[in-house]
Chemist: 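Before I ask anything, here is the structure I am working with.
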Number of protein chains: 2
Amino acid sequence: MQLDERKVKILQAIIRNYLETGEPVGSRTISKYTDLNLSSATIRNEMADLEEMGYILQPHTSAGRIPSDKGYRLYVDAMMEEKEKELEELKEMMIEKEDKMDHLLKQVAKLLAVNTNYATMISAPVVHKNKLKFIQLSRVDTHQLLAVIVMEGNVIKNNILHVAEELNDETLLKLNILLNTNLNGMALEEINLGTISMMKQQAGVHSDIVSDVIDAIAEGIKAEEDLQIYTSGANNIFKYPELADNQKASEIINTFEEKQMLTELVQERLADEENTGIQVYIGNETPIQTMKDCSVVTATYELGEGMRGTIGIIGPKRMDYDKVVSTLKTITHQLDDLYKDRK
Amino acid sequence: MQLDERKVKILQAIIRNYLETGEPVGSRTISKYTDLNLSSATIRNEMADLEEMGYILQPHTSAGRIPSDKGYRLYVDAMMEEKEKELEELKEMMIEKEDKMDHLLKQVAKLLAVNTNYATMISAPVVHKNKLKFIQLSRVDTHQLLAVIVMEGNVIKNNILHVAEELNDETLLKLNILLNTNLNGMALEEINLGTISMMKQQAGVHSDIVSDVIDAIAEGIKAEEDLQIYTSGANNIFKYPELADNQKASEIINTFEEKQMLTELVQERLADEENTGIQVYIGNETPIQTMKDCSVVTATYELGEGMRGTIGIIGPKRMDYDKVVSTLKTITHQLDDLYKDRK
DNA sequence: TGTTAGCACTCCATTGGGTCGAGTGCTAAC
DNA sequence: GTTAGCACTCGACCCAATGGAGTGCTAACA
């Protein structure tokens with residue numbers, strides 16, 4: 001059987017209607033809803049076909065039809081294509097240009113959640129090419145050193161080191177020079193045992209401090225790797241009865257709270273360097289099992305120089321894909337602009 | 001009417017039973033439950049009295065009784081007194097001694113949530129006496145300076161400053177000396193316009209850099225003030241049917257997600273310098289309106305030198321107060337120990 | 001051949017009555 | 001002061017009946 005234009009129109013009508021109401025859609029509704037001027041009987045025949053083809057399904061014998069995952073997929077694909085064409089103006093948004101990245105991201109998540117009425121997440125940008133830019137040791141106390149490590153993109157790590165013997169200014173200066181001449185400009189992956197042992201040798205009696213600094217750098221990488229994720233609007237799921245029953249709600253809320261599980265979404269996106277577009281996971285397509293009753297829309301944003309993060313919107317399958325996709329586009333562009341402004 | 005010993009015993013029996021089952025408790029149950037050897041009829045009489053006195057109430061005419069907020073209050077007060085006396089051994093806990101404070105706090109929140117089956121929150125310690133310990137400007141790039149500000153308690157703030165003209169090493173050194181001699185050891189509140197203008201004058205052409213650093217310090221205070229709160233186990237509320245209906249669950253989850261509202265709990269506790277004990281809010285006693293159907297138990301922990309935070313456990317009114325109070329005591333002591341070890 | 005009206009049928013949601021049981025208050029007896 | 005007993009109340013649960021929304025199928029129509 002073939003999916004002719006009329007079938008597509010009917011399918012779209014079913015989906016749109018279901019998106020609005022959340023109730024199964026009957027043939028009579030469609031017969032009035034569309035401008036096709038077909039009787040409910042004809043619609044019924046077409047609907048039987050669509051069901052056979054797997055685009056819609058009946059929750060039970062004498063109910064209306066609801067879209068299947070496959071049906072949503074068709075709808076979304078068509079819509080995405082449309083969106084891709086229209087180059088939309090970026091709307092004004094109320095982002096206070098906070099200096100602190102995490103404040104900004106929290107705000108973005110919240111803004112999105114409030115605007116869309118869905119749950120949202122955003123991952124902090126991950127720096128891919130992590131080069132050391134600058135290292136500085138300073139004496140804070142007689143037995144405490146402060147190690148400041150600045151990486152490309154002005155990501156800064158601090159560490160307090162405890163030292164047994166007090167260091168004089170000259171030694172400190174020497175160590176600083178040693179560290180900077182050897183490490184500046186190096187990508188983190190390039191720092192190998194050879195470099196380290198050489199530096200230790202040069203540091204002489206203070207080799208343990210070099211070790212400490214290296215450790216601090218290593219820790220910096222680690223901290224960077226378990227990426228920050230901010231969420232908002234998890235309680236929006238209560239607005240959709242099909243997600244609000246205790247069992248499901250509990251699982252979803254938990255996923256949001258743990259955040260750990262959300263990284264799967266992010267990983268999946270960031271792994272693919274090329275893919276910077278918008279991705280839609282419907283129902284079981286999602287990589288996160290607990291969200292199999294939801295749909296997830298993700299977008300990748302970029303802050304120049306390989307710093308990329310992911311934004312996600314999580315809602316019921318009957319989410320307003322249209323609006324969500326537009327909103328995500330706008331937001332990712334905004335983030336882009338923000339970066340340029342700050343540069 | 002007076003609350004004699006027998007009434008108290010019956011009240012306790014009612015509460016204990018209700019805590020376990022979550023169902024209204026009938027007279028026959030109590031008659032078998034306690035070792036008072038009283039018939040259900042007698043219990044009924046006593047229960048009528050207790051109801052009149054406001055300690056228990058009937059959800060509807062022919063149901064058993066459930067404790068009122070006032071009833072819980074009596075129970076909790078009695079229990080607290082008991083607990084205060086027994087000096088309990090600190091149990092072994094699985095806290096990895098992470099260096100990063102926020103990891104630690106997240107872990108504590110989670111640990112608590114898993115152990116108690118309630119929702120938990122913990123606020124990052126707030127430093128009350130914020131003294132500057134050390135300031136350092138370093139050149140990162142031709143037009144970028146890194147300002148590192150270390151405060152008492154090794155709280156570190158970084159800021160990248162953008163400068164128009166390139167500074168030579170000597171100027172940088174001078175500025176560093178200027179900043180440190182004028183500001184070190186000062187409490188943040190003590191830095192006034194007088195100090196600032198004097199420093200600016202001394203800095204001459206570079207007075208704008210001094211301004212920037214002062215701004216950075218000011219921002220440091222601000223960031224410190226809107227305190228970090230970590231939460232865990234919000235989805236535990238679904239385990240208690242009386243909290244799991246959509247309306248209530250949504251509100252509670254929202255409160256947890258926003259976190260902002262939770263600060264009220266913290267503020268209330270931290271304002272009172274003396275009060276470092278455990279506080280129980282039952283139902284409407286809570287300062288957070290959305291939690292009027294819950295009980296909240298909070299404890300203050302101290303990491304020496306005026307760094308204090310708050311831990312809270314949020315559950316149904318029929319929470320196992322006994323266990324919660326013990327657990328909180330253990331945890332706060334543990335945090336104390338942790339600090340001593342690291343010192 | 002595609003479209004439509006009509007009809008029988010299915011199934012869910014809702015409603016209302018009936019029953020059951022847990023629990024109460026009251027009274028009278030111990 | 002305590003208890004047994006009894007009538008009463010009220011929510012929970014079950015069940016059957018009802019109604020409505022929606023379907024599939026068939027026959028007639030353009």
Side-chain angles (χ1 to χ4, degrees), chain A residues 1-11 13-15 17-18 20-68 71 241-242 244-245, chain B residues 1-11 13-15 17-18 20-68 71 241-242 244-245:
Chain A
M1 201 172 331
Q2 218 202 314
L3 200 62
D4 56 21
E5 195 183 339
R6 195 170 75 176
K7 281 195 172 57
V8 172
K9 275 195 175 166
I10 291 174
L11 179 57
I14 293 172
I15 295 181
N17 196 284
Y18 182 66
E20 274 177 33
T21 64
E23 296 291 316
V25 186
S27 53
R28 225 177 95 78
T29 315
I30 298 300
S31 141
K32 286 183 293 183
Y33 193 95
T34 54
D35 47 0
L36 288 170
N37 284 327
L38 292 173
S39 79
S40 62
T42 313
I43 303 290
R44 276 204 289 286
N45 290 331
E46 295 288 35
M47 279 163 91
D49 291 353
L50 283 171
E51 182 164 9
E52 200 184 321
M53 294 160 82
Y55 291 110
I56 53 180
L57 40 85
Q58 259 182 312
H60 56 83
T61 319
S62 75
R65 308 303 217 283
I66 61 173
S68 67
E242 67 267 45
D245 86 88
Chain B
M1 201 173 329
Q2 218 202 316
L3 198 64
D4 57 20
E5 194 182 340
R6 195 171 74 177
K7 282 195 173 55
V8 172
K9 275 194 176 168
I10 291 174
L11 179 58
I14 293 172
I15 295 180
N17 197 285
Y18 182 68
E20 273 176 35
T21 64
E23 296 291 317
V25 186
S27 54
R28 226 178 94 78
T29 315
I30 299 299
S31 137
K32 285 184 294 183
Y33 194 95
T34 54
D35 46 359
L36 289 170
N37 285 327
L38 292 174
S39 79
S40 63
T42 312
I43 303 289
R44 276 204 289 286
N45 291 331
E46 294 288 34
M47 278 162 93
D49 291 353
L50 283 171
E51 183 165 7
E52 198 183 325
M53 294 160 83
Y55 291 110
I56 53 180
L57 40 86
Q58 259 182 312
H60 56 83
T61 319
S62 74
R65 306 306 216 283
I66 61 173
S68 68
E242 67 266 46
D245 86 272

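To find a chain, count down the sequence lines: A is the first, B the second, and so on, and within it residues start at 1.
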Chemist: Between D:dG22 atom P and A:M47 atom CE, what is the distance in whole Å?
Modeler: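 Spelled out: CE on A:M47 to P on D:dG22 is 9 Å.
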Chemist: Tell me if a side-chain donor or acceptor on B:S68 pairs with a main-chain N or O of B:G54 at a distance below 3.5 Å.
Modeler: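 Yes; judged by distance alone, with no hydrogens or angles, the pair exists.
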Chemist: Could you tell me how far apart A:I30 (CD1) and D:dT23 (C1') are, to the nearest whole angstrom?
Modeler: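 Result: 14 Å.
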Chemist: Over how many whole Å does the gap from A:I10 atom CD1 to D:dT23 atom P extend?
Modeler: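 Checked: the CD1 to P distance equals 12 Å.
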Chemist: What is the separation between atom CZ on B:R65 and atom P on C:dG23, rounded to the nearest whole Å?
Modeler: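 Nearest whole value for this atom pair: 11 Å.
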Chemist: Look at the side chain of B:S39 and the base of D:dT3, then say whether one donor and one acceptor between them are separated by less than 3.5 Å.
Modeler: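 A donor-acceptor contact between them is absent.
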Chemist: Can you run through DNA chain C from 5' to 3' and write each base as (, ), [, ], | or . depending on how it pairs? Watson-Crick or G-U wobble, both distances under 3.5 Å.
Modeler: ||||||||||||||||||||||||||||||
Chemist: Roughly how far apart are B:I66 CD1 and B:I14 CD1, rounded to 0.5 Å?
Modeler: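 Atom-to-atom, B:I66:CD1 and B:I14:CD1 are 11.0 Å apart.
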Chemist: To the nearest 0.5 angstrom, please state how far the CG atom of A:L50 sits from the CG atom of A:L11.
Modeler: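 Interatomic distance, A:L50 CG to A:L11 CG, rounded to 0.5 Å: 5.5 Å.
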Chemist: Please report the distance, rounded to the nearest Å, between CZ in B:R44 and C1' in C:dC26.
Modeler: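 From B:R44 CZ to C:dC26 C1': 10 Å.
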Chemist: A:S40 side chain N/O closer than 4.0 Å to the phosphate oxygens (OP1, OP2) of C:dT4?
Modeler: no
Chemist: For A:A63, report the nucleic acid contact type (base, sugar-phosphate, nothing); a contact means any heavy atom under 4.0 Å.
Modeler: sugar-phosphate
Chemist: Which nucleotide in the list D:dA4, C:dA5, C:dC12 gets nearest to the side chain of A:A41?
Modeler: C:dA5
Chemist: Send over the distance from A:D49 CG to C:dG2 P, rounded to a whole Å.
Modeler: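 It is 11 Å, rounded to the nearest whole Å.
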Chemist: Could you tell me whether the side chain of B:T61 has a donor or acceptor atom within less than 3.5 Å of a complementary atom in the base of D:dC10?
Modeler: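 No, no donor-acceptor pair under 3.5 Å.
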Chemist: To the closest 0.5 Å, what do you measure between CD1 (A:I10) and OH (A:Y55)?
Modeler: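 Spacing of CD1 (A:I10) from OH (A:Y55) equals 14.0 Å.
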Chemist: Please compare B:L38 and A:A48 by the position of their nearest nucleotide in DNA chain D and report the one closer to 5'.
Modeler: B:L38
Chemist: Nearest whole Å is fine: how far is D:dA21 P from A:E23 CD?
Modeler: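 Checked: the CD to P distance equals 12 Å.
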Chemist: Under 4.5 Å between any side-chain heavy atoms of A:L36 and A:K9, yes or no?
Modeler: yes
Chemist: Can you say whether a donor on the side chain of B:S62 sits under 3.5 Å from an acceptor on the base of D:dT9, or the other way round?
Modeler: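 Pair found.
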Chemist: Are A:S31 and A:L38 close enough that some pair of their side-chain heavy atoms sits under 4.5 Å apart?
Modeler: no
Chemist: Could you check B:R65, B:R44, B:K7 and say which one makes a salt bridge (charged side-chain N to carboxylate O under 4.0 Å, His left out) with B:E51?
Modeler: B:R65
Chemist: Over how many whole Å does the gap from B:I43 atom CD1 to C:dG23 atom P extend?
Modeler: 13 Å
